[in-house]
Amino acid sequence: MNALPKVLQSKAKIRFQHCDPFNHLNNGNYIDYFMNHREDMLIEHYDLDIYKIAKQTGKSWVSGSNQIVYLKPALLMETVTVESQLIGYNDSELCVEMRMYDEHKSYLKSMIWCSFVHFNLLEQKREQHSDSFMTIFEEVNNPVPETTFEERIKHFKTKRVYS
């Protein structure tokens, strides 16, 4: 059996309806691009369809918090590369880092850290991850050396992958 990839990657084209009058991706829409990427990649690479799971079990993940930085604008009709990876988890929560680059990954445009809480939709309360989920998370977890979002931004600025 092949190992599950730790970093998931896809490409997206920035669309007109998601842009501001300056032809830049609207700040709020970055999150949509990040979330769409992650949802699609979970299905494609891990066979995890969070909507199917919610329908079958009444349990899924809800957003707990987001920290995002905008380093360089994504422009109308530009193709971007989006990467994501699980950088931490516990018995009921996930922390995912997602990065948006230009198409060739020459520079970083934006980065987000998202907290997802496993949630019982029927009982409206936090839920513990099952052993099978914990096994997947253990395999794909890919922590970063920085322990705060601010340190992580500084890491990328030091590497100059944002300019």
Original post:
Under the 3.5 angstrom rule, does the side chain of N90 hit a backbone N or O of E93 as a donor-acceptor pair?
Top reply: yes

Subject >> Nearest-0.5 Å distance, CG of residue D91 to NE2 of residue H118 >> reply: 10.5 Å

**OP:** Tell me, please, which residues at least two apart from K13 pass salt bridge (Lys or Arg N to Asp or Glu O under 4.0 Å).
**Re:** none

Subject >> Test item: side-chain donor near acceptor, Q9 and T81, under 3.5 Å >> reply: no

Subject >> Smallest separation among heavy atoms of L75 and I14, with atom names >> reply: O-CB, 3.2 Å

Original post:
Relative to the ring of F22, is the ring of H24 parallel (under 30°), tilted (30 to 60°) or perpendicular (over 60°)?
Top reply: tilted

Original post:
Taking only residues two or more places apart in sequence or in another chain, which ones pass side-chain contact (heavy atoms from CB on, under 4.5 Å) with I50?
Top reply: E39, L42, S60, W61

Original post:
Going through the checks in order, is the side-chain contact (heavy atoms from CB on, under 4.5 Å) test met by W113 and M98?
Top reply: CA-CA 7 Å; W113 277 11; M98 293 181 262; over 6 Å; no

Original post:
Can you list the residues that meet the salt bridge (Lys or Arg N to Asp or Glu O under 4.0 Å) rule with K105, with sequence neighbours excluded?
Top reply: E83

Original post:
Which heavy atom of R15 sits nearest a heavy atom of C19, and at what distance?
Top reply: O-SG, 3.4 Å

**OP:** Return the set of residues passing side-chain hydrogen bond (donor to acceptor under 3.5 Å, both in side chains) with K52 (not counting sequence neighbours), or none when no residue passes.
**Re:** none

Original post:
Considering the options L8, V7, L86, which one meets the side chain to side chain contact (heavy atoms under 4.5 Å, CB included) requirement together with V140?
Top reply: L86

Subject >> Non-hydrogen atoms of L108 and K72 that approach each other most closely >> reply: O-CB, 4.0 Å

Original post:
Hey, what do you get for CG (L76) to CD (Q17), rounding to the nearest 0.5 Å?
Top reply: 9.5 Å

Original post:
Do any pairs count as a ring pair (Phe, Tyr, Trp, His ring centres under 6.0 Å) and have a residue in residues 29-56, sequence neighbours left out, and if so which ones?
Top reply: H18-Y33, Y30-Y70

Original post:
Do L48 and M134 sit in the same hydrophobic cluster, where Ile, Leu, Val, Met, Phe, Trp and Tyr count as joined when their side-chain heavy atoms come under 4.5 Å apart?
Top reply: yes

Subject >> Shortest non-hydrogen contact from R99 toward F156 >> reply: CD-CZ, 3.6 Å

Original post:
Do F119 and V96 share a hydrophobic cluster, counting only Ile, Leu, Val, Met, Phe, Trp and Tyr and linking them when any side-chain heavy atoms are less than 4.5 Å apart?
Top reply: no

Original post:
How long is the span from the NZ atom in K59 to the CD1 atom in I53, to the nearest 0.5 Å?
Top reply: 11.5 Å

Subject >> Partners passing salt bridge (Lys or Arg N to Asp or Glu O under 4.0 Å) against E146 (at least two apart in sequence or in another chain) >> reply: R152

Subject >> Sidechain-backbone polar pair: E151 side chain, T147 backbone, donor-acceptor under 3.5 Å >> reply: yes

Original post:
Has the side chain of S115 got a donor or acceptor atom that lies under 3.5 Å from a matching backbone atom of C95?
Top reply: no

Original post:
CD1/I153 to OG1/T148 distance, rounded to the nearest 0.5 angstrom?
Top reply: 8.5 Å

Original post:
Judged by atom type as modelled, is there a donor-acceptor pair below 3.5 Å linking the side chain of K109 to the main-chain atoms of P73?
Top reply: yes

Subject >> Close side-chain approach of F116 to S63, heavy-atom, < 4.5 Å >> reply: yes

Original post:
Any sub-3.5 Å donor-acceptor pair from N141's side-chain atoms to G88's backbone N or O?
Top reply: yes

**OP:** Flag the pair C114 / M35 as yes when at least one side-chain heavy-atom distance between them is below 4.5 Å, and no otherwise.
**Re:** yes

Subject >> side-chain contact (heavy atoms from CB on, under 4.5 Å) between K157 and L71, worked out >> reply: CA-CA 9 Å; K157 287 184 175 182; L71 299 169; 4.0 Å; yes

Original post:
For L25 and M100, what are the C-alpha separation, side-chain angles and deciding distance, and is it a side-chain contact (heavy atoms from CB on, under 4.5 Å)?
Top reply: CA-CA 12 Å; L25 181 59; M100 181 183 290; 4.1 Å; yes

Subject >> Test item: K11 side-chain N/O and E103 main-chain N/O as donor-acceptor pair under 3.5 Å >> reply: yes

Original post:
Rounded to the nearest 0.5 Å, what separation is found between the CG atom of N120 and the OG atom of S92?
Top reply: 12.5 Å

**OP:** Identify the heavy atoms of K6 and Q85 that sit nearest to each other, and give their distance.
**Re:** O-CB, 3.3 Å

**OP:** Count the heavy atoms of every other residue, nucleotide or ligand shown that sit under 6.0 Å from CD of E138, and state whether that count exceeds 12.
**Re:** no

Original post:
Do M41 and F133 share a hydrophobic cluster, counting only Ile, Leu, Val, Met, Phe, Trp and Tyr and linking them when any side-chain heavy atoms are less than 4.5 Å apart?
Top reply: yes

Original post:
To the nearest 0.5 Å, how far apart are CZ in F137 and CG in L4?
Top reply: 11.5 Å

